[in-house]
There are 2 protein chains.
Amino acid sequence: MNIGAAAKASGVSAKMIRYYESIGLIGQAHRTEAGYRTYGQDDLRTLGFIRHSRELGFSLAEVTRLLALWRDDDRASADVKKLAMAHIEEIDRKIAHMAAMRDTLVKLADCCHGDGHPDCSILDALSQSAG
Amino acid sequence: MNIGAAAKASGVSAKMIRYYESIGLIGQAHRTEAGYRTYGQDDLRTLGFIRHSRELGFSLAEVTRLLALWRDDDRASADVKKLAMAHIEEIDRKIAHMAAMRDTLVKLADCCHGDGHPDCSILDALSQSAG
DNA sequence: ATGGACCTTCCCATCGTGGGAAGGTCAAGG
DNA sequence: CCTTGACCTTCCCACGATGGGAAGGTCCAT
């Protein structure tokens, strides 16, 4: 299977497959004599794993660790869970940050008439030295 | 006031002040004969405005529009509000996305024993073809 | 043999920020 | 007057993950 077919089958773009190979996230693909990369079922499974991990927001660095654990038959599930929990905490931090921004924005927008006049509580707040 | 002092006073790093100038977000600073940028109170107000806008998550493209509205005495507050509301919606989308990831992760982590054994529902889920 | 669909590598762009090198300027103190 | 150190200048590189596209090679079907 060439890279295009592997991309279609795995949901990972050909561009990304090459990139993952270039940074060592996945091993070097087998090549035909002409230099074409070829992929088998195992490779598809790995690419799928990566895609799922990415969809859950894991960074490529974290995916590297997840892949290593995945391939390690002697892993402790505690290590996987630890990684996942840390990621959840990171997401929580981001959500909290965005929720705080959202709160402030909503409050400001509520105070803004939103009409044809120039007076605007949003701009007022943004130009506050203290704000 | 040199750029370092302006950075300290405004909370925007010197690096970023130069960058904002380079992309035209702010005007070109006055220069001393030696080529040093100098800043006055007006500049500080602008930098503060930018910083506050960034802290609320506005992109530099959005900040550009906010600055234009801020400087336009004939603006309609409705335009500002529209920009803010669109930004809130964008934040909502991101929060929803992250909350969904979080949900999935928590469910997976709950099913993972997190002990010394290799069996791990998280890895199992990541390696599912169906996702 | 030709065309089209594929593949290769290589470079560039995004977005906002930081790091750092190489060199110029300025002010204070010896 | 000279040195020292803190500042300033421009320029390039890096991140993270992805896409776009150019220039050129390969493969297969007509």
Side-chain angles (χ1 to χ4, degrees), chain A residues 1-26 28-40 43 46-67 87 90-91 93-94 97-98 101, chain B residues 1-26 28-40 43 46-67 87 90-91 93-94 97-98 101:
Chain A
M1 182 169 8
N2 284 344
I3 198 171
K8 224 174 246 175
S10 69
V12 178
S13 75
K15 211 87 185 181
M16 277 303 101
I17 297 176
R18 292 194 198 97
Y19 174 65
Y20 292 162
E21 181 183 320
S22 82
I23 62 170
L25 179 60
I26 57 183
Q28 302 216 317
H30 292 135
R31 301 277 189 139
T32 66
E33 292 200 354
Y36 283 23
R37 289 172 182 82
T38 59
Y39 298 88
D43 299 311
T46 301
L47 289 171
F49 183 95
I50 293 173
R51 181 168 65 82
H52 297 321
S53 304
R54 294 288 300 134
E55 283 169 357
L56 289 180
F58 288 105
S59 71
L60 291 186
E62 288 166 328
V63 175
T64 303
R65 278 175 248 139
L66 285 171
L67 272 175
H87 182 42
E90 180 64 26
I91 289 177
R93 250 171 272 135
K94 286 186 186 166
H97 182 219
M98 294 203 302
M101 295 194 309
Chain B
M1 184 169 8
N2 284 344
I3 198 171
K8 226 174 244 173
S10 68
V12 178
S13 76
K15 211 88 184 180
M16 278 303 101
I17 296 177
R18 292 194 197 98
Y19 175 64
Y20 293 161
E21 182 183 319
S22 81
I23 63 171
L25 178 60
I26 56 182
Q28 302 216 317
H30 291 136
R31 301 278 190 139
T32 65
E33 292 201 354
Y36 282 25
R37 289 173 181 82
T38 59
Y39 298 88
D43 300 310
T46 301
L47 289 171
F49 183 96
I50 294 173
R51 182 167 65 83
H52 296 322
S53 303
R54 294 288 299 136
E55 283 169 356
L56 288 180
F58 288 104
S59 70
L60 290 186
E62 289 165 326
V63 175
T64 302
R65 278 175 246 141
L66 285 172
L67 272 175
H87 182 44
E90 180 64 26
I91 289 176
R93 250 171 274 137
K94 286 186 187 166
H97 182 217
M98 294 203 303
M101 295 194 309

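Order of the sequence lines fixes the chain letters, A, B, ..., with proteins taken first and strands second; residue numbering starts at 1 for each chain. Computed from heavy atoms alone, side chains included, the values below leave out hydrogens, waters and symmetry copies.
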Practice prompt. Taking side-chain contact (heavy atoms from CB on, under 4.5 Å) as the test, write out the residues that go with Met98(A), two or more places apart.
Written response: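 With neighbours one apart ignored, the set is Met101(A), Ile91(B), Lys94(B), Ile95(B), Met98(B).
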With sequence neighbours excluded, residues passing side-chain contact (heavy atoms from CB on, under 4.5 Å) with Thr46(A)
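Thr46(A): side-chain contact (heavy atoms from CB on, under 4.5 Å) contacts with Ile26(A), Ile50(A), Leu67(A), Trp70(A), Arg71(A).
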* If you walk 5' to 3' along DNA chain C, what is the first nucleotide with an atom under 4.0 Å of a heavy atom in chain B, and what is the last? ->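 Result: dG16(C) to dC26(C).
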For Arg37(A), answer base if it contacts any base atom (sugar-phosphate contacts may also be present), sugar-phosphate if it contacts only those atoms, and nothing otherwise; contact means non-hydrogen atoms under 4.0 Å.
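Sugar-phosphate: the residue Arg37(A), judged by heavy atoms under 4.0 Å, touches backbone atoms but no base.
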Tell me which donor-acceptor pairs under 3.5 Å the side chains of residues 2-20 of chain B have, and how far apart each pair is, sequence neighbours excluded?
unit_1	atom_1	unit_2	atom_2	d
Ser10(B)	OG	Ala6(B)	O	2.8
Ser10(B)	OG	Val12(B)	N	3.2
Ser13(B)	OG	Met16(B)	N	3.1

Give me, pair by pair, the N or O atoms of the protein and of nucleotides 26-30 of chain D that are less than 3.5 Å apart, along with how far apart they are.
unit_1	atom_1	unit_2	atom_2	d
dT26(D)	O4'	Tyr36(A)	OH	3.2
dT26(D)	O2	Tyr36(A)	OH	3.3

Sorted by chain and number, sequence neighbours left out, ring pair (Phe, Tyr, Trp, His ring centres under 6.0 Å) with Phe58(A) holds for His87(A)
Pairing residues for [X] by the side-chain hydrogen bond (donor to acceptor under 3.5 Å, both in side chains) criterion, not counting sequence neighbours:
X        : value
Ser59(B) : Glu62(B)
Arg51(B) : Glu55(B)
Arg93(A) : Glu90(A)
Arg37(A) : Glu21(A)

When you compare the protein's N or O atoms with those of nucleotides 18-20 of chain D, which come within less than 3.5 Å of each other, and at what distance?
unit_1	atom_1	unit_2	atom_2	d
dT18(D)	OP1	Arg54(A)	NH2	3.4
dT18(D)	OP2	Tyr20(A)	OH	2.8
dG19(D)	OP2	Ser13(A)	OG	3.1
dG20(D)	N7	Lys15(A)	NZ	3.1
dG20(D)	O6	Lys15(A)	NZ	2.9

Bend angle of the helix from dA1(C)-dT30(D) to dG30(C)-dC1(D) from five-pair axes at both ends, rounded to 10°?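 Inter-axis angle at the termini of the helix from dA1(C)-dT30(D) to dG30(C)-dC1(D): 30°.
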